[in-house]
Each structure stands twice: as C-alpha cells, then as structure tokens.
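Working notes, structure below.
Residue numbers begin at 1 in each chain, while the letters A, B, ... track the order of the sequences. The structure presented is a predicted model; accordingly, all values stated were derived computationally and were not measured.
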Amino acid sequence: MRASAAPSPPPEPMSAQPSVTSLAAFRRMLWAENPVLVQILGICSALAVTNLVKNTFIMCLGLIFTTAMSSFTVSLLRDRIPRRVRMMIQLLVIASYVIVIQTLLDAFAPAVARQLGPYVGLIITNCIVMGRAEAFAMGNRPVPAFWDGCGAGLGYSGVLLLLAAVREPLGMGTFCGVPLGFMAHWTRCSLMVVAPAGFFGLAALLWIARSRR
Amino acid sequence: MKEALRTILFTALLTAVCGAAVSGLQLALGERIGLNRTAARQAVALELLGLKPQGEIWPAARTAEAFAAQVEAQGEGERMRYRRRDGAGPVVWPFAGQGFWDRIAGYLAVAPDGQSLAGVAFTEQLETPGLGARIEEPWFRRQFEGLRIGAPDAAGRRIRIVPAGSKRPGEPEVDAITGASETSRSVEKIINEGLGRALAAP
C-alpha cells in the first residue's frame, strides 16, 4: 500500500512497455492496478461466487492458473498472432486451459468438481483473463506476462475473499462451512446470499479503496 | 492476400493444436471420468440402503465393487429400483424433475413396509448456492428419514414441504428452505411424483 503522504506518480499506461520487470508487473496488479478495484473487471464472478468462502477460494485458484498460463502462452505466440484475429486466438488459448482444468478436476477430484458446478467453465468469460492477454501479454515477454497474470489473479482473489469473508458469516452464520460459535444466535440474512449483496459489498469496498488512494 | 492466407493458416493450425490437446486429454481420462460419475450416483444409493456410512468419501473402484456385490437392480426404465441383495433395508427409487434453475435428480428410499420414507438424497442440482442448493445439506435431508407417507391430499401430495417452522409432528410435513420457495416447491413436486411411481409398483 502506498504511503498517503507521498505524491502519487502518474498512472502507468495500460499497454505497458516491454521494459517492465516481472516483479513490477506482478506487484502493481495487487493494489495499484488491481483488476477488480481499479479496472472494474471480473465483476460477474465477484457477485456470483462470493457467498461461500470455499467456492470463492477454488474459483480464485482456477483464475490464477488460467490467467498466468494463458498470458504466458499468448506472449509466446505474440509475434506470430495475426492482429485481426488476435482476440479469437486469445480466447482459444484461454478456453483450452479452462477445459483442461475442468477435465483434470472431473478425473482426479470429482468431489471438488461437483461442488464447483458450472463455475470453472465460467472462468472463460472472466474479463480479467482476456484483459491481461490483450493489455500485457501481447506486448511483453513470456516470463513477465506469466507474473502479470499471477498478480492479476491474486489481486482479484484478495478482493473476492474479502467479500466472501463478509457475506458468508452474515448470510449463513458460517465460515468455510464451519458454524461460527459467536454467531449462533444470528438470524441469517438471506440478502447476503444473493447477488445484490455482492453489488453492495463491492460498491462499499470500491468506495473505501478509492478514497485511500 | 498473403496476409489473409497467413491468418487462416495460423488460426487453423492453432485450433487443431488446441483441439487435439483437449480431445486427447478427454480421451485419456474419459473412462475415469465416466467411472467417477457412475460411482458418485452409486455411492448415494449405497448410503440410502445403509451399506455405506453417510458422507464418507470412497474411491470410485471401492464404490463400484460394493455396489456390484451388495445391490440388485429390479425393473426396467421408469420402474427401475435398487434393493439390497440380502433382502433387508428399504427400496431405493430414482426421481428427477425440473427445479428452479435446472434439473434436480436423486434417490428416495421407501421403508420395507411402504408406510414411511427411509431417506432422500440428491445426485444432481444446480440451485442457488446458499439458498436452493441447501437441499443437499444434512439438516434438510434428515427431515425425510422416517417421515410417514400420508394419503394423497387434494393436490395429490403424499408429503408436503411447508414454510420453515410450521411443520406439525406426526404429519407428513418437512420444513422448506427460507428464501428458496421455488426450489422447495419443485422438490415437493418431484418427490411426490417419484413417490407416486414407487407406491404404484406391485
């Protein structure tokens, strides 16, 4: 987090120069250019999965893997990808990785796959994955692109887990499915379980985060 | 022109590579995935028949083995049901129907005397997590264990799902899930249909 006394430097352009180091690419995604709080991407899943901490956690792992690997792959191919079809190509790469995750889960962790239901497949439509491929991986070398994807996934995960850590206890009186003793007499707030509560929570979080910048 | 050709060739090549990778993986693991799916359903039937402790996770092979050794399927198509080979325990009937969002499927177990339910389990559902999806939670399912099967009421219901907190002891009633009225209504309809089929059997 940046010290509030220091003058904030001008924002970096979205299409970063090839000179960005892996560490810088990784770090700025966590807070300074957080995909959810700053770029307002990945909102759909931020609303849909954050009523349960466990689902959120697994979704986040899937997203970190997909963003990192697809950015790496797109960056490897970046000089060969024809410009006019570049987004189709990015989507093809992303979808392949997501199907690989889904298949591996079905084969080796059927209980987890069953818990997640349709969420894993929905990683394909997460704007962050394609956003990083288009904004960073297309103009940078593979290793920084990989770290940029990891950072974006972790930045997203931080925000989602925070939302889930508020929504699940208030909505269900549990955390990760474990009943919370001190909330034994809490009346479950159904609003917290449905998507609108995700909107309210995210809006409050955005407000706090932006006023601290 | 040359650019267009390059674009088409590149796209076709990458599609072929990605397609081959994904299909190859599916092909390599398809059998395993199929066994997992079957085993997941068999595990639920085994639990209802009292042949497997509830909630214990068994490897697919162990489930399939126990199912083949101890369970017998009777009847065809809609009349298909499972019994224990040793003759004890309930009769397990599959049920399925439309939920609030998507198909809900599962098994219901009718006690040997045909007068009460021994249990209900869901194998397939995509209801809202935290609301409708709570039909899978033990507290909801436990309500069906030992539930008396009533005579059909005016709407043809043998069991009723009533607003949470209003069920009466001794009546064929279970508490609904607050905030998931549509899912509760669908489950009531689906289970009653399944029960109708089960009781119509000779």
Name the option with the most non-hydrogen atom pairs under 4.5 Å to chain B; the candidates are [options].
| options | value |
| --- | --- |
| Met88(A), Met192(A), Arg83(A), Arg188(A) | Arg188(A) |
| Asn51(A), Leu92(A), Ile81(A) | Leu92(A) |
| Ala113(A), Ala107(A), Ala111(A), Ala195(A) | Ala107(A) |
| Pro110(A), Ala48(A), Ser190(A) | Pro110(A) |

Quiz item: Can you name the salt bridge (charged side-chain N to carboxylate O under 4.0 Å, His left out) partners of Glu193(B), sequence neighbours left out?
Solution: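 Salt bridge (charged side-chain N to carboxylate O under 4.0 Å, His left out) check on Glu193(B) returns Lys189(B).
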For chain A, which candidate among [options] shows the most heavy-atom pairs at distances under 4.5 Å?
| options | value |
| --- | --- |
| Leu25(B), Leu131(B), Thr11(B) | Leu25(B) |
| Leu14(B), Leu126(B), Thr15(B) | Leu14(B) |
| Glu31(B), Glu136(B), Arg134(B), Glu3(B) | Arg134(B) |

Take atom [atom1] of [X] as the centre, draw a 6.0 Å sphere, and report whether it contains more than 12 heavy atoms from other residues, nucleotides or ligands.
| X | atom1 | value |
| --- | --- | --- |
| Arg141(B) | CZ | yes |
| Lys52(B) | NZ | yes |
| Arg6(B) | CZ | yes |
| Phe108(A) | CZ | yes |

Quiz item: Looking only at heavy atoms, what is the nearest atom pair of Tyr82(B) and Ala45(B), with distance?
Solution: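 It is CD1-CB, 4.3 Å.
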Practice problem: Taking all heavy atoms of Val143(A) and all of Ser22(A), pick out the closest pair and write down the distance. | Solution: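 Distance-wise, the nearest heavy atoms are CG1-OG, 3.6 Å.
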Does the pair [X]/[Y] count as a salt bridge with the N-to-O cut at 4.0 Å?
| X | Y | value |
| --- | --- | --- |
| Arg86(A) | Glu134(A) | yes |
| Arg168(B) | Glu173(B) | yes |
| Glu145(B) | Arg142(B) | no |

Quiz item: Taking the side chain as C-beta and beyond, is there a heavy-atom pair between Arg185(B) and Phe100(B) under 4.5 Å?
Solution: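 Arg185(B) does not reach Phe100(B) side chain to side chain.
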List, one per line, each side-chain donor-acceptor pair under 3.5 Å for residues 56-69 of chain B, sequence neighbours excluded.
| residue | atom | partner | partner atom | Å |
| --- | --- | --- | --- | --- |
| Glu56(B) | OE1 | Trp58(B) | NE1 | 2.7 |
| Thr63(B) | OG1 | Pro59(B) | O | 3.2 |

Quiz item: Would Asp106(A) and Arg32(B) count as a salt bridge (Lys or Arg N to Asp or Glu O under 4.0 Å) if you check the C-alpha gap in whole Å, the side-chain angles of each, and the deciding distance to 0.1 Å?
Solution: CA-CA 9 Å; Asp106(A) 279 340; Arg32(B) 201 188 160 102; over 6 Å; no
Self-check item: Proximity of residues 84-93 of chain B to chain A, residues having a non-hydrogen atom under 4.5 angstrom
Solution: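 Contacts with chain A: none.
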Self-check item: Residues from residues 167-178 of chain A approaching chain B under 4.5 Å (heavy atoms)
Solution: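 Within residues 167-178 of chain A, the residues under 4.5 Å from chain B are Met172(A).
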Quiz item: Is chain A contacted by the side chain of Thr123(B), its backbone, both, or neither, given a heavy-atom distance below 4.5 Å?
Solution: backbone
